Chemist: 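Below you will find the structure I want to go over with you.
Note that the structure is predicted; figures quoted are calculated from it, not measured. Ligands are counted one by one from 1 in listed order, and the atoms in each one are counted from 1 as well.
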Amino acid sequence: MWHDYDSDPSGGCGLPVTPWMIAGEPPQLMIRVFDHGVFVAEPEGQWQGTRGLEYHPGMQRYLARDEFAARGQETVAEMLKRRQRTLRYCRFCRHPTPPELRFEKDVCMGCASEWYGVVY
Ligand SMILES: [Zn+2]
């Protein structure tokens with residue numbers, strides 16, 4: 001199965017056949033597996049009104065099957081490092097918090113509700 005990525009800049013998010021899988025808590029990596037290779041991407045959280053927080057593939061890289069065998073681990077490690085650099089510890093709960101879940105630079109949204117009474 002081939003997907004025309006040039007005509008679909010979303011990376012085929014809506015295609016149900018081979019969905020993006022999200023790994024990590026908070027999400028740290030997205031991966032999408034095809035017969036011919038693998039896409040790995042940094043997750044980007046976006047708040048979508050009533051649908052809540054949704055993750056979309058941000059910066060992504062494609063590795064053909066043989067490239068993935070040779071350099072998959074290294075590529076995944078690089079992506080994880082980039083994503084982990086965006087995490088900040090919440091000053092209240094000490095959880096590593098990605099930008100999309102932060103109320104302030106060092107306060108997560110959950111703690112903002114609990115300690116500041118913020119209602120979303
Ligand atoms: Zn917190």
Chemist: Connecting only ILVMFWY residues whose side-chain heavy atoms lie within less than 4.5 Å of each other, what is the rest of Val40's hydrophobic cluster?
Modeler: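 Members alongside Val40: Met21, Leu29, Ile31, Val33, Val38, Met59, Leu63, Phe68, Val76, Met79, Leu80.
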Chemist: Return the orientation label for the Phe39 and Tyr62 ring planes: parallel under 30°, perpendicular over 60°, tilted otherwise.
Modeler: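 Geometry flag for Tyr62 against Phe39: tilted rings.
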Chemist: Suppose we screen for salt bridge (charged side-chain N to carboxylate O under 4.0 Å, His left out). Which residues come up paired with Arg91, at least two apart in sequence or across chains?
Modeler: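 Salt bridge (charged side-chain N to carboxylate O under 4.0 Å, His left out) list for Arg91, sorted by chain: Glu104, Asp106.
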Chemist: Just the protein N/O/S atoms under 2.8 Å from the Zn ion (ligand 1), please, no waters.
Modeler: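 For the Zn ion (ligand 1), the protein N, O and S atoms that sit under 2.8 Å away are Cys90 SG, Cys93 SG, Cys108 SG, Cys111 SG.
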Chemist: Between Glu67 and Ala64, is there a donor-acceptor pair closer than 3.5 Å when you use the side chain of the first and the backbone of the second?
Modeler: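 A pair under 3.5 Å: yes.
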Chemist: Sequence neighbours left out, what passes salt bridge (charged side-chain N to carboxylate O under 4.0 Å, His left out) with Arg51? Give chain and number order.
Modeler: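 So Arg51 forms a salt bridge (charged side-chain N to carboxylate O under 4.0 Å, His left out) with Glu54.
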Chemist: Among Arg61, Arg82, Arg85, exactly one meets salt bridge (Lys or Arg N to Asp or Glu O under 4.0 Å) together with Glu42. Which residue is that?
Modeler: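 Checked Arg61, Arg82, Arg85 against Glu42; only one passes salt bridge (Lys or Arg N to Asp or Glu O under 4.0 Å): Arg82.
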